[in-house]
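Per chain, numbering begins at 1; letters A, B, ... match sequence-line order. Keep in mind the model is a prediction, meaning the values are calculated, not measured.
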Amino acid sequence: MRTTELLAPTLREVPAEAEVISHKLLLRAGFIRRETAGVYTYLPLAMRVLNKINQIIREEMDRQGGQELLMPIIQPAELWQESGRWDVYGPELFRLKDRHNREFALGPTHEEIITALVRSEVSSYKQLPLLLYQIQNKYRDERRPRFGLLRSREFIMKDLYSFDRDDEGLQISYQKMHEAYTRIFQRCGLRFRPVEADSGAIGGSDTHEFMVLADSGEAAVLFCEKEECDYAANVEKAAQVIVTAGHDEEPELLAEMSTPGAHTVEEVSSFLKVTPQKIIKTLLYETGLEVVAVLVRGDREVNEIKLANALGCLHLSLAGPDTVRSITGAQVGFAGPVKLNVKIVADLEVAAIVNAVAGANKDDTHLINVNPARDFNIDVVADVRMVRAGEPCPRCGEALIEAKGIEVGQIFKLGDKYSKALRAVYLDESGRSRSLIMGCYGIGVTRTMAAAIEQNNDRDGIIWPAAIAPFQVVVVPVSNKDETQVSTAEVVYNRLVAAGFEALLDDRSERAGVKFKDADLIGYPLRVTIGAKALANKQVEVRVRRTGEVLMIDQDELENRIGELLGGL
RNA sequence: CGGGAUGUAGCGCAGUUUGGCUAGCGCGCUUGCCUUGGGAGCAAGAGGCCGGGGGUUCAAAUCCCUCCAUCCCGACCA
């Protein structure tokens, strides 16, 4: 390929719409253009990267026995009504009508379609297990698309669905995908972690997210600092370890204290001279059905996902000041569990607390020496708080480290959630009809491309891992007027192509600086510079994008050395 | 959906406060000259429904109303 024939419109200035680095660089380096909010055109350079990622994905899916198919993007509403998600999915589902006024959805995911397919085509245990996947556009009408390809409304996703006879089979399929995902992201040259996660609205039991570690990530993950320990979890999932030390005090007499104006934990803490660990923070949540009081230690934060799971409810929101007043009889800041007439959910730590401070449900008043069980009843005891860096690892006890991550993949055990709703069954050996046991496994392909940039860039531009670079090597003659340089560049380029490398010849009649800047911006792993220096010694000059290192290599070693260098990138 | 901001050439912006000449600048683009180891220089060009609609006015990029779009913060979220 020659640069003069390639549509790679680089920009000198960053378009004002971009905020995060991958978005800026994808625009500047000529990989994408925005069509409308959260919807992008992938230009030729991006397509080359995406095809490489797709190829890696296909190889690893196929290695595990996956079969590729392609399902429709346009999906009939009836199927979604059958699974119950037509109503549940909400406004994030793109909906449309045809000329007959029939309703459809643009597929945000394909559980319905695949389950409908399999229920009609699979009827025997002999056809199982089955791993089916596709790579195609997905549609989600995000409330707030942002960060370029990291959160868009139309994006490319690989989705695989596994069908097994039972949980044991599912476990095997799940493990296969875990392994495949690990290999995929390794091969893409990314630094990532598989982390335990919450399964959210999609349902199911076990789930892992594959997080590319990058500061711009929207998700926070915790992982164990000990190298041998592989514990890692999304903060929304990370389990707390209860430290029971220091609870050997004798319960003392409950008493009321005047605490004028002390609304916050900090104010109460300094007013009453107690540590936040001795304070019970009482928060009122509305579930849509009822109001519940949630108790966590003063130095902790509620984890709303854990809370929703503990309560078995879908929606939660903090109660407003009016609700707080009507429930507690006091303004916000003075709620407490004693003589409170709503369901009480206590975090594990609170259930074990002794002689705590809590709000008195009376303005400007707190209670001291509050003790669970003696002074109030707990309806639900559960882990409902956020775990933070520094707390002990649930597996080995070492300290946890916190990092930001971009979720590039997620694997779920669905069980029979969809097969039951859509009546997808098979006959076992004894002729008994049983529900198919499903798993689903997604990779955001376009998001993976953006995540790779988030993790691999510098002031000059993108630094592609060699495995997913749009071209492996760019050949740049310094001067287009120098016949020797031009012809040598041509020879070098042809040799590289003949040797099977993905090479690009920058044949533009630009000054050297322009070609160098573009090469750095686009981020080809290697640049072969054909200039006077190298020609004088019958050598070629190779520059490594990632390190800036410049090597002079003999012309007859060109192919070998380029191959070696790429192997290390 | 709540809050904030912005829409002027492909990109980045000025002009709007206080209405007034033919709507500007830089980059990019075209042509020519020149230059060729890190986004050179000179010259001549092309490119605008000033986001759309409505209004006020002798006169609107500029004031008013309205709609739309885009971005940021928040809430929400496989």
Asks: Which is true for A:Glu35 with a 4.0 Å heavy-atom rule: it touches a base, it touches only sugar-phosphate, or it touches nothing?
Replies: nothing

Asks: What's the OH-C1' distance between A:Tyr89 and B:rC76, to the nearest Å?
Replies: 13 Å

Asks: For the base of B:rG41, is there a side-chain donor-acceptor partner from A:Arg511 under 3.5 Å away?
Replies: no

Asks: Rounded to the nearest Å, what distance is computed from the CZ atom of residue A:Arg34 to the P atom of nucleotide B:rC71?
Replies: 5 Å

Asks: Can you measure A:Arg545 atom CZ to B:rG38 atom P for me and round it to whole angstrom units?
Replies: 17 Å

Asks: Rounded to whole angstrom units, what separation is found between the CD atom of A:Glu218 and the P atom of B:rA78?
Replies: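 Rounding to the nearest Å, CD of A:Glu218 and P of B:rA78 are 13 Å apart.
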
Asks: Quick one: which of B:rC13, B:rG39, B:rG38 gets closest to the side chain of A:Asp520?
Replies: B:rG38

Asks: With rounding to the closest Å, how many angstrom separate the C1' atoms on B:rA46 and B:rG10?
Replies: 13 Å

Asks: Tell me if a side-chain donor or acceptor on A:Arg545 pairs with a main-chain N or O of A:Pro525 at a distance below 3.5 Å.
Replies: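 The answer is no, because no donor-acceptor pair under 3.5 Å joins these two groups.
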
Asks: Could you identify the nucleotide paired to B:rG24, looking across every strand shown and requiring Watson-Crick or G-U wobble geometry with both distances under 3.5 Å?
Replies: B:rC13

Asks: Need to verify one output field. Residue with the more 5' nearest nucleotide on RNA chain B, A:Phe147 or A:Lys517?
Replies: A:Lys517

Asks: Between the protein and nucleotides 3-6 of chain B, which nitrogen or oxygen pairs come in under 3.5 angstrom?
Replies:
none

Asks: Without swapping roles, check the side chain of A:Asn457 against the backbone of A:Glu454 for a donor-acceptor pair under 3.5 Å.
Replies: yes

Asks: Between B:rA61 and B:rC67, how far is it from one P atom to the other, in whole Å?
Replies: 23 Å

Asks: Within the distance-only criterion (no hydrogens, no angle test), does the side chain of A:Trp80 pair as donor or acceptor with the backbone N or O of A:Phe104 below 3.5 angstrom?
Replies: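 Here the side-chain-to-backbone pair does not exist.
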
Asks: Just compare B:rA78, B:rC76, B:rU36 and give me whichever is closest to any side-chain atom of A:Ser479.
Replies: B:rU36

Asks: Does the A:Gln485 side chain pair with the main chain of A:Gly531, one donor and one acceptor, at a distance under 3.5 Å?
Replies: no

Asks: When you measure from the side chain of A:Pro15, which nucleotide among B:rC73, B:rG39, B:rC11 comes out closest?
Replies: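 For A:Pro15, the side-chain atoms sit closest to B:rC11.
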
Asks: So A:Ala532, base contact, sugar-phosphate only, or nothing? Heavy-atom distance under 4.0 Å.
Replies: base

Asks: On a whole-Å scale, what distance lies between the P atoms belonging to B:rG3 and B:rC21?
Replies: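 Per the computed distance, 37 Å lies between those P atoms.
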
Asks: Base, sugar-phosphate alone, or nothing: which one does A:Thr36 contact when heavy atoms must sit under 4.0 Å apart?
Replies: sugar-phosphate

Asks: What is the separation between atom CZ on A:Arg153 and atom C1' on B:rU70, rounded to the nearest whole Å?
Replies: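 It works out to 11 Å between those atoms.
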
Asks: Using a 3.5 Å distance criterion without hydrogens, assess whether the side chain of A:Gln455 forms a donor-acceptor pair with backbone atoms of A:Leu213.
Replies: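 Answer holds: yes.
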
Asks: Does CD in A:Glu5 sit with more than 12 non-hydrogen atoms of other residues, nucleotides or ligands closer than 6.0 Å?
Replies: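 For A:Glu5, atom CD is crowded (more than 12 foreign heavy atoms under 6.0 Å).
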
Asks: May I ask which nucleotide in the shown strands pairs with B:rC63, Watson-Crick or G-U wobble, both distances under 3.5 Å?
Replies: B:rG55

Asks: Using the P atom in both, what is the distance from B:rC71 to B:rC25, to the nearest Å?
Replies: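 It works out to 30 Å between them.
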
Asks: Using the P atom in both, what is the distance from B:rA23 to B:rC50, to the nearest Å?
Replies: 11 Å

Asks: Determine whether A:Ile562 and A:Val528 make a side-chain contact, defined as any pair of heavy atoms from C-beta on separated by less than 4.5 Å.
Replies: yes

Asks: Please answer whether the main-chain N or O of A:Pro145 pairs with a side-chain N or O of A:Arg153 as donor and acceptor at a distance below 3.5 Å.
Replies: no

Asks: Does any nucleotide pair with B:rG7 by Watson-Crick or G-U wobble geometry, both distances under 3.5 Å, and what is it?
Replies: B:rC68

Asks: Categorize A:Lys533 for me: base, sugar-phosphate, or nothing, with a 4.0 angstrom heavy-atom threshold over every strand shown.
Replies: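 Since a base atom lies under 4.0 Å of A:Lys533, the category is base.
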
Asks: Mark yes or no: A:Lys138 above the aromatic ring of A:Phe155, with NZ or CZ under 6.0 Å from the six-membered ring centre and no more than 45 degrees from the axis.
Replies: no

Asks: Using a cut-off of less than 4.0 Å, is there contact between a side-chain N or O of A:Ser317 and OP1 or OP2 of B:rA75?
Replies: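 False: A:Ser317 side-chain N/O out of range (4.0 Å or more) of B:rA75 OP1/OP2.
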
Asks: Could you state the CD-C1' distance from A:Glu17 to B:rC13, rounded to the nearest angstrom?
Replies: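 My rounded result for the distance is 16 Å.
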
Asks: Choosing from B:rC11, B:rA78, B:rC73, which nucleotide comes nearest the side chain of A:Met157?
Replies: B:rA78

Asks: Taking the side chain of A:Thr529 as heavy atoms from C-beta outward, which of B:rG37, B:rG39, B:rC72 is closest to it?
Replies: B:rG37

Asks: Between A:Lys481 and A:Thr10, which residue's closest nucleotide on RNA chain B lies nearer the 5′ terminus?
Replies: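 Nearest-nucleotide comparison on RNA chain B picks A:Lys481.
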
Asks: Without decimals, in angstroms, what is the distance between A:Leu27 CG and B:rG12 C1'?
Replies: 13 Å

Asks: Ignoring hydrogens and angles, tell me if any N or O in the side chain of A:Tyr181 forms a donor-acceptor pair with the backbone of A:Tyr441 under 3.5 Å.
Replies: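 Between the backbone of A:Tyr441 and the side chain of A:Tyr181 there is a qualifying donor-acceptor contact (under 3.5 Å).
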
Asks: Do A:Pro72 and A:Ile113 make a side-chain contact, defined as non-hydrogen atoms from C-beta onward lying under 4.5 Å apart?
Replies: yes

Asks: Report the nucleotide, chosen from B:rA78, B:rU70, B:rG38, that has the shortest atom-to-atom distance to any side-chain atom of A:Arg543.
Replies: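 Of the options given, the side chain of A:Arg543 lies nearest B:rG38.
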
Asks: Looking at A:Arg151, I'd like to know whether one of its side-chain N or O atoms comes within less than 4.0 Å of OP1 or OP2 on B:rA78.
Replies: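 No, because none of the side-chain N or O atoms of A:Arg151 sits under 4.0 Å from OP1 or OP2 of B:rA78.
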
Asks: Could you run through nucleotides 26-31 of chain B and give me one letter per nucleotide, 5' to 3': B if any protein heavy atom sits under 4.0 Å from the base, S if only the sugar-phosphate is that close, - if neither?
Replies: BSS---

Asks: Taking B:rG53 as the reference, what is the distance to B:rA60 when you measure between their P atoms (whole Å, please)?
Replies: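 That atom pair is separated by 14 Å.
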
Asks: Show, in sequence, the C-alpha distance, side-chain angles and deciding distance for A:Glu402 and A:Arg388, and conclude whether the salt bridge (charged side-chain N to carboxylate O under 4.0 Å, His left out) test is met.
Replies: CA-CA 7 Å; A:Glu402 188 167 332; A:Arg388 287 299 177 202; 3.6 Å; yes

Asks: Between A:Tyr40 (OH) and B:rU70 (C1'), how many Å, whole number?
Replies: 10 Å

Asks: Hey, does A:Asp518 reach any base, or is it just sugar-phosphate, or nothing, if we go heavy atoms under 4.0 Å?
Replies: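 Base contact.
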
Asks: Would you verify whether the NZ or CZ of A:Arg193 falls within 45 degrees of the ring axis of A:Phe223 while also being under 6.0 Å from that six-membered ring's centre?
Replies: yes

Asks: Who does B:rG45 pair with, Watson-Crick or G-U, both distances under 3.5 Å?
Replies: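 When the pairing criteria are applied, B:rC29 turns out to be the nucleotide that pairs with B:rG45.
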
Asks: Contact class for A:Arg527 (heavy atom, under 4.0 Å): base, sugar-phosphate, or nothing?
Replies: base

Asks: C1' atom, B:rA5 versus B:rG41: distance in rounded Å?
Replies: 40 Å

Asks: Considering every strand shown, what is the Watson-Crick or G-U wobble mate of B:rC76 when both distances are under 3.5 Å?
Replies: none

Asks: If the C1' atom of B:rG24 is compared with that of B:rU16, how far apart are they to the nearest Å?
Replies: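 The same atom, C1', in both gives a distance of 14 Å.
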
